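Following: one structure in structure tokens, then a few remarks.
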Amino acid sequence: MEYTFLDIEQLQFPEAKTILKKRGITKLNPPQTEAIRKGLLDGKRLVIASPTASGKTLIAELGAISHLKKEGGKVIYVTPLRALTTEKYSTFKEWEPLGFRVGMTSGEYDSEDNYLKNYDIIVTTYEKLDSLWRHRPGWLEEVNYFILDELHYLNDPSRGPVVESVAVRAKRRGLLALSATISNYQEISRWLHAEYVSTSWRPVKLVEGVMYPSGKSYLVTFKDGTTKRVKGDDPIEAYTLDSISRGGQVLVFRNSRRYAEGTAKSLSGKFKETQELLELSKEIEEVEDAGATERENLSLLVRRGVAYHHAGLSRGLREIIERGFKERKIKVIVATPTLAAGVNLPARTVIVGDVFRYNRKVTGFREEIPVMEYKQMSGRAGRPGFDSEGESIIVLRDKRNFEKIFEKYLTSDVEPIESKLGAENAFYSFLLGTLSADGEMTRNALRTYVEETLLSDEMIDSHFDKGVEWLKDHEFIIEEDTVKLTQFGKKVADIYVNPFTAVTVKDSLKGKAPSCDLAYLHMLAYTPDAPIVGTSNMDESLLYDVDCKMFIDEPFDELEMSLYLSAMKIAFIIHDWIEEVDEDTILSRYGIGSGDLRNMVESMDWLTYSGYMIAQVMKEETHEESLRRLNTRVKDGVKEELVELVQIPGIGRKRARQLWNEDIRSLADVVMEPEKVKRILGEKLGERTVHEAARILGKGNHGEERGYDYIP
DNA sequence: TTAAGCGAAGTATAGACAGCATGTC
DNA sequence: CTATACTTCGCTTAA
């Protein structure tokens with residue numbers, strides 16, 4: 001295939017040239033060139049399907065800027081991950097010298113000054129945009145160009161439905177969709193009323209192979225049929241050492257945390273400590289947001305140039321490891337799929353340690369990972385500017401499936417993108433969201449809306465009326481001439497919980513006596529919006545110590561029981577957390593990492609708030625009060641008496657407790673006794689604390705001015 | 001009698017998004 | 001819809 005590179009001197013876009021030159025770009029790569037040829041700069045609606053790291057972001061930048069210049073209005077850039085939102089936000093910031101203002105919003109972070117109506121380009125996540133639409137801020141009407149990044153997430157069973165519902169709305173206006181390589185890009189672009197660009201061009205050549213044990217060594221068969229032998233005890237170790245001896249860096253993917261840690265540990269035995277690495281490992285030992293055990297484990301590995309990486313790690317630890325790898329100090333990272341999506345972290349060699357995965361929803365069931373997921377991993381191979389080629393090796397434990405695996409991952413098309421809106425909870429949520437965003441409408445109009453999704457006609461036939469009736473039965477909507485949301489339905493749409501979560505909460509609380517904190521936490525952790533955790537290392541005797549009435553009865557079904565236990569484990573953890581149990585104690589008691597704790601706290605913070613709002617709309621006042629109080633404690637992990645003190649920036653559960661124990665018990669106490677506060681917290685921190693406390697007291701009720709201007 | 005050795009049987013398995021403010025002149 | 005690594009269990013054998 002012949003590839004064309006457009007010289008930027010030929011670009012009819014003077015402002016862009018300056019910015020591109022500053023980045024050292026003189027030529028546009030083939031997908032970029034092709035996008036421009038298909039009318040990117042003339043506002044044509046496009047779907048770009050091309051491999052990881054093939055320069056799609058630049059296509060988005062050019063599309064956004066030329067759109068703003070010609071049409072005005074606003075541009076929204078949507079990503080599936082908060083980390084990507086942050087990354088793209090900084091990329092777009094580089095265009096601010098041209099006079100465009102760039103803002104960002106996600107559940108985690110909002111741009112400040114004057115909120116979003118004053119920005120030209122807004123970077124956000126799919127969920128946040130979906131939620132914004134339900135609230136109908138006036139400025140959203142001004143958005144006339146949507147950039148949908150990582151559109152292939154549409155295929156993800158849990159997150160895909162939101163991507164699809166955002167796409168349905170976005171396709172009525174200007175649109176640019178970016179996706180990894182997909183097989184049915186023609187169908188997708190037809191659905192989005194767009195032209196397509198599909199290439200397999202990569203900035204660095206990729207060599208792919210499959211490896212299996214053969215005699216006393218391992219045989220790698222590459223895609224072009226050539227072979228290579230490597231020696232060693234373990235196949236992953238053997239290939240890793242081979243690559244490093246050739247000057248490479250290696251990214252190993254494994255399908256469980258335990259394997260990732262185990263492989264990292266055994267690899268570390270092969271390397272020596274260096275001065276540079278000792279500094280990095282020292283940084284790890286001193287990182288603030290991680291538990292003692294995990295810091296110690298990781299620092300022992302990092303001083304030998306090896307690290308593991310998974311979602312149990314705290315953010316701080318993950319950042320140090322990623323940086324250490326980018327700076328080429330760390331030679332090998334052994335990771336779970338966290339690193340396959342998300343922020344770009346390329347390596348010369350990618351080793352795919354397992355091509356199967358366990359399905360939590362079907363106990364004991366292993367399945368081969370989708371080709372798409374393999375491509376996400378292998379796409380990390382080869383660093384532009386450093387490696388002349390990248391290599392990606394699949395490891396098999398025996399020869400049996402070699403031909404099948406070789407054929408599936410190396411020579412076949414990726415799976416087509418298909419609608420995942422057919423699942424009950426996704427579909428009902430979609431109907432609810434539509435009624436919230438577009439207001440009441442006839443049943444027929446609602447159906448017309450559903451017909452704009454990727455769902456097949458047969459699916460719509462079998463799901464639509466059932467869905468409407470379900471929402472009616474559970475009091476989310478009422479239907480007269482039109483279908484419209486009840487107060488309860490609107491509230492559920494606004495707080496953005498799944499309708500099944502709302503039903504669980506409603507059925508649990510309605511007319512029931514109040515119960516203990518643990519019971520509320522367990523009920524919320526049992527909803528589909530809560531994470532699912534493994535319960536293997538949980539001390540089940542804890543279950544028998546519970547002396548208050550649970551809202552949820554113990555189920556009989558095996559799968560339900562594992563969800564029940566998962567909820568129980570989360571409830572115990574969060575209960576310890578709000579009873580101020582020491583963090584390291586929690587981590588070792590439940591066998592979790594600091595990243596896990598952070599995730600659970602984040603989820604339960606949101607869910608306790610949601611429970612509080614649902615109780616409020618149900619007018620269940622006792623439950624409402626219990627949940628409100630619970631919510632104030634979950635975010636910061638404190639008993640109720642410390643809630644006031646942890647409002648102060650820089651004061652968390654530990655410092656607040658220190659102050660309390662010395663009789664500093666309120667914001668007023670902090671301001672009245674500055675000397676004592678400085679003695680307890682130290683000069684510098686004490687000063688800041690007093691200052692912040694005074695600011696909070698002074699601020700009173702009038703907060704910053706920001707807000708939506710509602711469509712009447 | 002106890003410890004060690006060994007094979008059979010049992011056990012567990014990735015990740016990460018969402019609210020909060022929100023009528024006034 | 002079934003692989004792997006690791007742990008635990010239970011038996012046999014050696015000291």
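Reckoned from all heavy atoms, side chains included, excluding hydrogens, waters and symmetry mates. All chains are named by letter (A, B, ...) in the order of the sequence lines, taking the proteins before the strands, and each is independently numbered beginning at 1. Since this is a predicted model, take the numbers as computed values, not measurements.
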Working to the nearest 0.5 angstrom, can you tell me the gap between I369(A) CD1 and N255(A) CG?
9.0 Å
Under 3.5 Å, is there an N or O donor on one side and an acceptor on the other linking the side chain of R357(A) and the base of dA14(B)?
yes
Side chain of R159(A): nearest nucleotide among dC17(B), dC20(B), dA18(B)?
dC17(B)
Are any non-hydrogen side-chain atoms of I76(A) and L140(A) less than 4.5 angstrom apart?
yes
Sort out for me which residue in R629(A), Q616(A), K619(A) forms a side-chain hydrogen bond (donor to acceptor under 3.5 Å, both in side chains) with E624(A).
Q616(A)
Rounded distance in Å - CZ (R257(A)) to P (dT11(B))
22 Å
Minimum side-chain heavy-atom gap Y126(A)-Y153(A) below 4.5 Å:
no
Salt bridge flag under 4.0 Å for residues R169(A) and D130(A):
no
S436(A) and side-chain hydrogen bond (donor to acceptor under 3.5 Å, both in side chains): which single residue from R136(A), K490(A), K491(A) fits?
K490(A)
Looking only at the side chain of Y609(A) (C-beta and beyond, no hydrogens), which of the listed nucleotides dC20(B), dC17(B), dA14(B) gets closest?
dC20(B)
Of the nucleotides dC17(B), dG19(B), dG15(B), which has the atom closest to the T125(A) side chain?
dC17(B)
Between K404(A) and E368(A), does the salt bridge (Lys or Arg N to Asp or Glu O under 4.0 Å) criterion hold? Intermediate values first, please.
CA-CA 11 Å; K404(A) 187 177 146 214; E368(A) 282 173 7; 2.9 Å; yes
May I ask you to verify if any side-chain N or O of K491(A) is less than 4.0 angstrom from the OP1 or OP2 atom of dG19(B)?
no
Identify the stems formed by DNA chain C, where each pair is Watson-Crick or G-U wobble with both distances under 3.5 angstrom and a stem is at least 3 consecutive pairs.
B:1-13 with C:3-15
G-U wobble or Watson-Crick pairing nucleotide for dC17(B) (cut-off 3.5 Å, both distances):
none
Using a 4.0 Å heavy-atom cut-off across all strands, classify T336(A) as base, sugar-phosphate, or nothing.
sugar-phosphate
Just N and O in the side chain of S131(A): are any of them under 4.0 Å from OP1 or OP2 of dG19(B)?
yes
Is a side-chain donor or acceptor of D156(A) paired with a backbone partner of R159(A) at a separation under 3.5 angstrom?
yes
Is it true that H623(A) and Y520(A) share a donor-acceptor pair across their side chains at a distance under 3.5 Å?
yes
From CD of E150(A) over to P of dC17(B), roughly how many Å is that when rounded to an integer?
13 Å
Any Lys/Arg nitrogen of D289(A) or R318(A) sitting under 4.0 Å from an Asp/Glu carboxylate oxygen of the other?
no
Collect all protein-nucleotide pairs involving nucleotides 5-9 of chain C in which both atoms are nitrogen or oxygen and the distance is under 3.5 Å.
from: dA5(C); atom 1: O4'; to: Y259(A); atom 2: OH; distance (Å): 3.4

In whole Å, what separates the C1' atom of dA18(B) from that of dC1(C)?
34 Å
Atom-to-atom span, OH of Y374(A) to P of dA14(B) - whole angstrom:
22 Å
Ring-on-base stacking dG19(B) with W606(A) (under 5.5 Å, under 30°)
no
d(CG, N255(A); C1', dA12(B)) in whole Å:
11 Å
Using whole Å, what does the distance between atom P of nucleotide dG19(B) and atom CD of E127(A) come to?
9 Å
Are the side chains of T453(A) and F430(A) in touch, meaning some heavy atoms are under 4.5 Å apart?
yes
Filtered N/O pairs between nucleotides 7-10 of chain B and protein, under 3.5 Å:
none

Considering only heavy atoms from C-beta outward, does the side chain of Y308(A) approach that of I333(A) to under 4.5 Å?
no
NA contact type, S603(A), heavy-atom cut-off 4.0 Å: base, sugar-phosphate, or nothing?
base
Classify the ring geometry of Y526(A) against Y564(A): parallel below 30°, tilted from 30° to 60°, perpendicular beyond 60°.
perpendicular
If you look at every strand shown and take non-hydrogen atoms under 4.0 Å, does D354(A) touch a base, only sugar-phosphate, or nothing?
nothing
In whole angstroms, how far is the P atom of dT2(C) from the CZ atom of R400(A)?
11 Å
Classify the nucleic acid contact of N599(A) as base, sugar-phosphate or nothing, counting any heavy atom under 4.0 Å across all strands shown.
base
Whole angstroms only, please: what is the NZ-P distance between K490(A) and dT22(B)?
16 Å
In whole angstroms, how far is the C1' atom of dA21(B) from the CE atom of M613(A)?
12 Å
Which nucleotide in dT13(B), dG19(B), dG15(B) has an atom nearest any side-chain atom of Y358(A)
dT13(B)
Indicate, with a heavy-atom threshold strictly under 4.0 Å, whether D529(A) touches base, sugar-phosphate, or nothing.
base
Given dA18(B), is OP1 or OP2 found less than 4.0 Å from the side-chain N or O atoms of R82(A)?
yes
